[in-house]
Amino acid sequence: MTISKMMMAGLLLGTASMAQAVTVKWASLTAQPNATTVTGTVDGVGLTYTGSVNFSQLNNTGTDYWVDGGYTQGVVNRPLGRDLISLNFGGLKTITFAAPVKDVYLAFTSWNGVSAQFDAPFTVVSQGCGFWGCGTFNVNGTNDGFLGNGETHGVLKFSGTFSSISFTDSQENWHGFTVGTAAVPEPASWALMIAGFGLVGASMRRRRMVAA
C-alpha cells in the first residue's frame, strides 16, 4: 500500500468513526423549586422539566448512576457528572427549552418494565448494561415508544429542532433520565473530514484519467 493510500485510509477511518459516534452536551441540572419541576441548562439553553419527580440529583452530587456498562457505545461520552431526574409515578412529563435546540438526546437508566410513549419519533443510539445490570427494550412500529424488559439502559436521539419533548411513562419504583444536545464538531474535526473527502475525490479523478 502506498503512503498516499495509507493516509487516505486513515483519514477515511477517522471520518467514519466521527460519523458513527457523537459527542453530546448533557444537561446541567441546578434546581428543583417544587415537587414537579426541575430546572437547569443544556448547551447554554435553559430547560425546565415538569411532571412527577421521585427525586433529582443536582449540581453533580449524589450517586453516579451513569456508570457505563456498555449502553453508551453510540456516543463519545456518557452523561457527565451525577445529574439525573428520577421518576416513579407514571404520567405525562415534559422537558421545555428556553430556545429551540437541535437533535435532542435522552439517556435513561433502569426503565425496568416501563412503557414510554414520546411525542416525536426517535432512533436508538445504543442500549446495554448500566448501574443496575442489564436489560433490553422493544421499540414500537412507529418509533415513538418502547417497552423496557429488565434493567433497561440506553440513549435515544430525536432528530430535528425542538422547543420541547414530552413523553408518557408507566409507573415503576424508580427510573432515571437526562437529556442533551449534539456538540458541534471542532474545527480540527471538520478539517479532517474535508481532507478525507478531498483525498477520495482526487483518487477518483486519477482513476478516471488512467482508465481513459
Compute whether any side-chain donor of one residue and acceptor of the other, for [X] and [Y], lie under 3.5 angstrom apart.
X	Y	result
S166	T94	yes
H175	S110	no
D144	Q117	yes

* To do: Give me the ring orientation class for F118 and F167: parallel if the planes are under 30° apart, tilted from 30 to 60°, perpendicular past 60°.
  =>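 Geometry flag for F167 against F118: tilted rings.
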* On the 0 to 90° scale, with breaks at 30° and 60°, tag the F55-W174 ring pair as parallel, tilted or perpendicular. =>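 Tilted, since the angle between the ring planes falls between 30° and 60°.
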* To do: May I ask you to check whether F108 and W66 place their ring centres under 6.0 Å from each other?
  =>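 W66 vs F108: aromatic centres not under 6.0 Å.
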* Flag the pair F122 / Y105 as yes when their ring centroid distance falls below 6.0 Å, and as no otherwise. =>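 No, too far apart.
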Heavy-atom pair of closest approach, residues [X] and [Y]:
X	Y	value
P79	Y71	CD-OH, 3.8 Å
P100	T161	CB-CG2, 3.6 Å
N77	W26	O-NE1, 3.3 Å
Q57	T63	NE2-O, 2.8 Å
L156	F146	CD1-CE2, 4.0 Å
F162	A120	CE2-CB, 3.8 Å

* Asked: How far apart are the C-alpha atoms of V42 and T181, what are their side-chain angles, what is the distance that settles it, and do they pass the side chain to side chain contact (heavy atoms under 4.5 Å, CB included) test?
  -> CA-CA 7 Å; V42 56; T181 61; 4.0 Å; yes
Is there a donor-acceptor pair closer than 3.5 Å between any side-chain N or O of [X] and the backbone N or O of [Y]?
X	Y	result
R78	T72	no
D83	N60	yes
N143	P121	no
T37	N34	no
D169	G91	yes
S170	S115	yes

* To do: Measure the shortest side-chain to side-chain distance between V22 and V75 over non-hydrogen atoms and say whether it is less than 4.5 angstrom.
  =>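 V22 reaches V75 side chain to side chain.
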* Close side-chain approach of L87 and K93, heavy atoms under 4.5 Å ->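 Contact flag for L87/K93 side chains = yes.
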* Candidate pair I85 and T178, rule side chain to side chain contact (heavy atoms under 4.5 Å, CB included), full reasoning -> CA-CA 6 Å; I85 298 174; T178 189; over 6 Å; no
* **With F158, the side-chain contact (heavy atoms from CB on, under 4.5 Å) member among I165, V179, D103** =>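 Only one option passes, and that is I165.
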* Could you please spell out the steps behind the side chain to side chain contact (heavy atoms under 4.5 Å, CB included) verdict for L84 and T109? => CA-CA 10 Å; L84 169 142; T109 180; 3.9 Å; yes
* Would you call D43 and K102 a salt bridge, using N to O less than 4.0 angstrom? ->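 Salt bridge between D43 and K102, a charged N being under 4.0 Å from a carboxylate O: no.
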* Give the intermediate values and the outcome of side chain to side chain contact (heavy atoms under 4.5 Å, CB included) for residues Q127 and T136. => CA-CA 7 Å; Q127 62 175 304; T136 60; 3.9 Å; yes
